[in-house]
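Below: one structure, written as structure tokens.
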Amino acid sequence: MGELTTNDGVRLTYRDSGGDGVPLVMLHGWGQTQEMFRHQVTGLAPGRRVVTLDQRGHGISGKPHHGYRIARLARDVLGLVDHLGLDRFDALGWSMGVSVWWSFIDQWGTGRIRRFVAVDQPAAVAAVPWMSAEEQRDSGAIFDVSGLLELATGLAGPDGERVRQEFVRGMFSGSPDPGLLAFVAEQIRSTPAYAGVPLLFDHCAQDWRDVLPRVDVPTLVIACDGSHVDPASQRYVADRIPDARLHTFPTTVASSHFPFLENPAAFNAVVDAFLAEGLS
């Protein structure tokens, strides 16, 4: 484990597995931690250098009372790769972590990114009124504005623990493994409401559709048939990133928003194969 301090004074905790080759920097989703990738730190190709991060307000990183915006989290990631001296790296994001990478690309381009993996994140989460019904559907919007406000209010309220648990359960279809469900539910407790609620609101308010055509590096988009994120939204993302490819896990392989936890062998094989391309 390592630590760095951001340019606005927040302590962030990261893990760097070491090793040679192109590093893979992995970003977790909202309310979760770098422990989501516990099966990837050691389970990806032997010798691959894997870097994970507890983003601000999450895990064991600092939880200040400022900075809960996707753009600020992207600035934190810039600080991480600068701290580690990574001039060239592969990037993987899952859920909100994809949005953080899209913000990174929007602000600083793809010059340091060799390959990009986007796991189960819609191009826009909120169905805002100025989007047509077709745009809302294509972009994969999960909430309408009233639904987002209701969720945020519940998370911030006295019954927040119950709302968090129901939110987590909704990311699984069928009958999830109790141990896996408990693990995910436990991780989300590390993010206090004062951090999680404004960040969730900011995250859901973003619309990344204009960024997708500017992702000009080889990209793999990963979808899951059993996720609460509509797999069709991942086809939309892949269609708009130039030359991107799509891999969809069927429910027989993984039936949730968490394929890297449910079936790490299958997930790692797909990611390894993609990242191995282009290496001499």
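Without hydrogens or angle criteria, T33 side chain to H58 main chain gives no donor-acceptor distance under 3.5 Å. R169 places a side-chain N or O within 3.5 Å of a backbone atom of F172 that can act as its donor or acceptor partner. Distance alone, capped at 3.5 Å, places no donor-acceptor pair between the D272 side chain and the L44 backbone. A donor-acceptor pair under 3.5 Å is absent between the side-chain atoms of D106 and the main chain of V211, judged by distance alone. The backbone N or O of I60 sits less than 3.5 Å from a side-chain atom of R11, completing a donor-acceptor pair. Side-chain N or O atoms of S103 include none that pairs as donor or acceptor with a backbone N or O of S99 at under 3.5 Å. Remark: side-chain polar atoms of S190 are paired, donor with acceptor, to backbone N or O of G59 under 3.5 angstrom. Judged purely by atom type and a 3.5 angstrom limit, R115 uses its side chain to pair as donor or acceptor with the backbone of E277. With hydrogens and angles ignored, the 3.5 Å screen pairs no side-chain donor or acceptor of T191 with any backbone N or O of G196. A donor-acceptor contact shorter than 3.5 Å is absent between the side chain of D230 and the backbone of G140.
Rounding to the nearest 0.5 Å gives a distance of 5.5 Å between CG of L200 and CG of L151. Rounded to the nearest 0.5 angstrom, E35 CD and Q187 CD are separated by 6.0 Å. Here the straight-line distance linking atom CG of L24 with atom CZ of R48 works out to 6.5 Å at 0.5 Å rounding. Here the OH-CD1 distance, from Y236 to I241, works out to 11.0 Å after rounding to the nearest 0.5 Å.
By the 4.5 Å heavy-atom criterion applied to side chains, S227 and H257 are counted as neighbours. Using a 4.5 Å cut-off on side-chain heavy atoms (C-beta onward), P129 and V145 make contact. Contact check for R114 versus V217: no side-chain heavy atoms found under the 4.5 Å cut-off. Side-chain contact between V98 and V237 is absent, with no heavy atoms from C-beta onward closer than 4.5 Å. Using a 4.5 Å heavy-atom threshold, the side chains of L12 and H83 count as separate. Within the 4.5 Å cutoff, no side-chain heavy atoms of Q206 are placed close to those of W102. With contacts defined as side-chain heavy-atom distances shorter than 4.5 Å, the pair L4/L84 does not qualify. Residues L261 and H39 have side chains in contact (heavy-atom distance under 4.5 Å, counting atoms from C-beta outward).
Among all heavy-atom pairs drawn from Q55 and G97, the shortest one is NE2-CA, 4.5 Å. Annotation for E135 and S132: closest pair OE1-N, 2.8 Å, computed over non-hydrogen atoms. Looking at every heavy atom in both residues, P122 comes nearest to S139 through CB-O, 3.3 Å. In terms of heavy atoms, R214 sits closest to I105 at O-CG2, 4.3 Å. M131 and D207 get closest at one heavy-atom pair: SD-OD2, 4.5 Å. Closest non-hydrogen pair, A141 versus A126, comes out as CB-C, 3.8 Å.
Pairs of residues two or more places apart, or lying in two chains, that qualify as salt bridge (charged side-chain N to carboxylate O under 4.0 Å, His left out) and include a residue from residues 137-165 are D159-R162, E161-R164, E161-R189, R162-E166. Evaluation of the side-chain hydrogen bond (donor to acceptor under 3.5 Å, both in side chains) test over residues 16-31, restricted to residues two or more places apart or in two chains, returns D16-R49. For residues 178-198, the ring-ring contact (aromatic ring centres under 6.0 Å, His included) pairs, not counting sequence neighbours, are H65-Y194.
Ring orientation note: the planes of W94 and F258 are tilted relative to one another, at an angle of 30° to 60°. Between F260 and F37, the two ring planes are tilted [angle within 30° to 60°].
Ring pair F274/H247: centre-to-centre distance not below 6.0 Å. Taking the six-membered ring wherever Trp is involved, the centroid distance between the rings of Y68 and F201 does not fall below 6.0 Å.
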Candidate pair R72 and D202, rule salt bridge (Lys or Arg N to Asp or Glu O under 4.0 Å), full reasoning = CA-CA 11 Å; R72 177 62 249 188; D202 184 82; over 6 Å; no

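For T13 and D54, the side-chain atoms include no donor-acceptor pair closer than 3.5 Å.
By the criterion of side-chain heavy atoms lying less than 4.5 angstrom apart, applied directly or through intervening Ile, Leu, Val, Met, Phe, Trp or Tyr residues, V41 is grouped together with V25 in one hydrophobic cluster. There is a path of hydrophobic side-chain contacts, each under 4.5 Å, that joins V271 to F89.
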